[in-house]
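Values reported hereafter were calculated over all heavy atoms of this structure, with side chains retained and with hydrogens, waters and symmetry mates removed.
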Amino acid sequence: MTTDESVLVSSEPAAVPRRTTRTIAATAVGTAMEMYDFVLYGTAAALVFGPLFFPQVDPIIGTLASLATFGVGFVARPLGGVIFGNLGDRIGRKRVLIITMMGMGVFSTVIGLLPTYQSIGLWAPILLVVLRLLQGVAMGGEQGGAFVMAAESGGQRSTRRGFLGAWPAVGMAGGLVLATLIFGAFAGALDEDAFLSWGWRVPFLISLVLVGIGLAVRLGVPETSVFEAVKSQNRIARAPMIVVIRSYWRQILLVIGMKSGETAAFFLIATFSVSYGSQSLGIARADILNAVLVAAVVEMFSAPLWGALSDRVGRRPVMIFGAAFLLVFAFPFFMLLNTTSMPLVYLALILAMGLGHAPLSSPVGAFFAELFPTRVRLSGVSLGVQLTSMLAGGFTPMIATALLAATGTVWSVAIYIGALALVSLIATVLTRETFRSGELPVD
């Protein structure tokens, strides 16, 4: 670390804890709002978009088509990662996160106002896809930005970076809780006709209020001292994305591999489990949503613990455990769901989130930030994370539904998830440990 950078990081030591607390709160709250919008769309795609926007096709095909619109947003996410990653390494992390949050709020609100196929015909699914693409671009800049800002919140050197970097994971689980709670409340309180008529729209309209709250929190957060140090020394890269692709492509590939199992597992639990449980197993929609809700609450509390553990034993052991658990648990997960016994359904989702997804998602904020130098960190993390989202995330519910329809058995889905967990396991084993020095790479 240079002398100038040391001064910038260590000046006003009394203010550092308050600054750090505000920053991780902003990343957690903001990520919760963003994930609320995204998970809300996924749940609606699984339950209501088929009959409302694709009514002219077989119900199974309609569900596949609506889940495909869910996946379309992930196609746009790498574009968002490129745009906002590049911007974040040039103008700052805070500004980018404000822009992305505003975009998510606006696009989700418009989805809630969108006329259905019955009102405007083919324009309804077309507009739905366009809004989903725009939503994906905004989300493409959010997640990587939150990871980096949380990881940098402790300064250039920190022995708590795993714990700090885990708070975006808390926010993501919180967004899942919020979306499931609000959507489930309307789904449970209204009859089928009322819910399909207007009830599904209200959670989307509520997102504008929630994003306003998130913006109020983020606007009061300063830029990270790590980025300010690079800026003050005039070491901002002119084309960060080009630099990171040319010089750090190996790290990007490792990020993609490490995040594959975690990303697929999240959307399997948050989206496919809802449609599979309600449509294939006959579990009441409110019951399966409540099970997802409880599992997400468990992750909210377990994520900081896994992040803190990564500060003591390393990022790799924690993530290796999570990937190995998902690999081994893929078949038992569906065996428990197939019983349709609600205590066992709860057990399946809680174990998958708390012991599989949480240890994979919690250390990545710190781990990924420690793989890239400051001047291209957001570009590298965003590109790797969003390419993973496209390859292993958004299309997971659609692929799982297609596998179920093609094979007639859910075990093909278990093999698919287990394979992606194996990819994460191998990539994590191949990645060097980064936590020991406590330092973020400078150049």
Side-chain angles (χ1 to χ4, degrees), residues 1-17 19-21 23-24 27 85 88-89 92-94 144-169 222-237 240 243-244 247-252 254-255 258-259 304 306-320 362-385 427-428 430-443:
M1 184 179 359
T2 66
T3 302
D4 291 342
E5 195 166 22
S6 300
V7 171
L8 280 167
V9 172
S10 61
S11 61
E12 301 180 352
V16 169
R19 175 176 181 156
T20 300
T21 300
T23 301
I24 63 171
T27 59
D89 283 327
R93 291 46 164 135
K94 174 183 173 179
F147 284 158
V148 168
M149 197 165 191
E152 290 182 349
S153 65
Q156 183 63 34
R157 179 175 177 79
S158 174
T159 58
R160 300 182 301 152
R161 187 169 294 116
F163 173 76
L164 299 176
W167 284 91
E223 185 57 77
T224 68
S225 60
V226 176
F227 176 79
E228 291 290 357
V230 170
K231 182 179 178 181
S232 69
Q233 296 167 22
N234 197 29
R235 292 194 289 112
I236 300 294
V243 173
V244 81
S247 302
Y248 298 93
W249 59 269
R250 293 179 183 84
Q251 287 89 331
I252 293 172
L254 289 171
V255 166
M258 285 189 284
K259 204 159 188 323
W306 287 113
L309 183 63
S310 78
D311 287 326
R312 297 182 63 86
V313 304
R315 322 296 185 213
R316 293 172 74 247
V318 173
M319 292 190 66
I320 286 171
S362 302
V364 297
F367 204 177
F368 295 170
E370 290 164 349
L371 293 175
F372 300 93
T374 302
R375 63 201 297 262
V376 296
R377 180 169 297 126
L378 187 49
S379 296
V381 173
S382 290
L383 183 59
V385 167
T428 305
L430 293 175
T431 306
R432 63 180 176 83
E433 186 58 83
T434 59
F435 86 108
R436 292 188 180 88
S437 69
E439 294 274 356
L440 285 171
V442 178
D443 280 313

**Q** Rounded to the nearest 0.5 Å, what's the gap from CD on E439 to OG1 on T434? Could you check?
**A** 12.5 Å
**Q** Which atom names give the shortest non-hydrogen contact between L383 and I252, and what distance separates them?
**A** CD2-CD1, 3.9 Å
**Q** Quick one: side chain to side chain contact (heavy atoms under 4.5 Å, CB included) partners of T428, sequence neighbours excluded?
**A**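 Partners of T428 by the side chain to side chain contact (heavy atoms under 4.5 Å, CB included) criterion, ordered by chain and then number, come out as M258, R316, M319, I320.
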**Q** Only one of P441, S379, P373 clears side chain to side chain contact (heavy atoms under 4.5 Å, CB included) with Y248; which?
**A**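 That would be P373; it is the only one of P441, S379, P373 passing the side chain to side chain contact (heavy atoms under 4.5 Å, CB included) with Y248.
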**Q** Looking only at non-hydrogen atoms, find the nearest pair between L440 and A369 and report the distance.
**A** CD2-O, 3.9 Å
**Q** Look up atom CG in L309 and atom CZ in R315, then write down how far apart they are to the nearest 0.5 Å.
**A** 10.5 Å
**Q** Run the ring pair (Phe, Tyr, Trp, His ring centres under 6.0 Å) test against F372 and tell me which residues pass, sequence neighbours left out.
**A**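 F372 satisfies ring pair (Phe, Tyr, Trp, His ring centres under 6.0 Å) with no residue once adjacent residues are dropped.
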**Q** If you round to the nearest 0.5 Å, how far is CH2 of W306 from CG of D311?
**A** 14.0 Å
**Q** Considering non-hydrogen atoms only, spot the tightest contact between S225 and G155 and give its length.
**A**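 That closest heavy-atom pairing would be OG-CA, 4.1 Å.
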**Q** For R377, check side chain to side chain donor-acceptor pair (under 3.5 Å) against everything at least two apart and list the hits.
**A** E152, T374
**Q** Once rounded to the nearest 0.5 Å, what's the spacing between atom CD of E433 and atom OG of S310?
**A** 8.5 Å
**Q** Please report the closest heavy-atom contact between V313 and F435, naming both atoms and the distance.
**A** C-CZ, 3.9 Å
**Q** First locate atom CG of D89, then atom CZ of F227, and finally report the distance between them rounded to the nearest 0.5 Å.
**A** 7.0 Å
**Q** Restricting to non-hydrogen atoms, name the atom on L164 and the atom on A150 that form the minimum distance, rounded to 0.1 Å.
**A** O-CB, 3.6 Å
**Q** Consider side chain to side chain contact (heavy atoms under 4.5 Å, CB included). Of M149, Q156, K94, which one does T224 pass it with?
**A** M149
**Q** Compare every heavy atom of F367 with every heavy atom of R432, then report the nearest pair and how far apart it is.
**A**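 Closest heavy-atom pair between R432 and F367: O-CE2, 3.5 Å.
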**Q** Strictly distance-based, threshold 3.5 Å: is any side-chain N or O of R161 a donor or acceptor partner for the main-chain N or O of A366?
**A** no
**Q** Would V364 and V385 satisfy side-chain contact (heavy atoms from CB on, under 4.5 Å), going step by step from the backbone distance to the final call?
**A** CA-CA 10 Å; V364 297; V385 167; over 6 Å; no
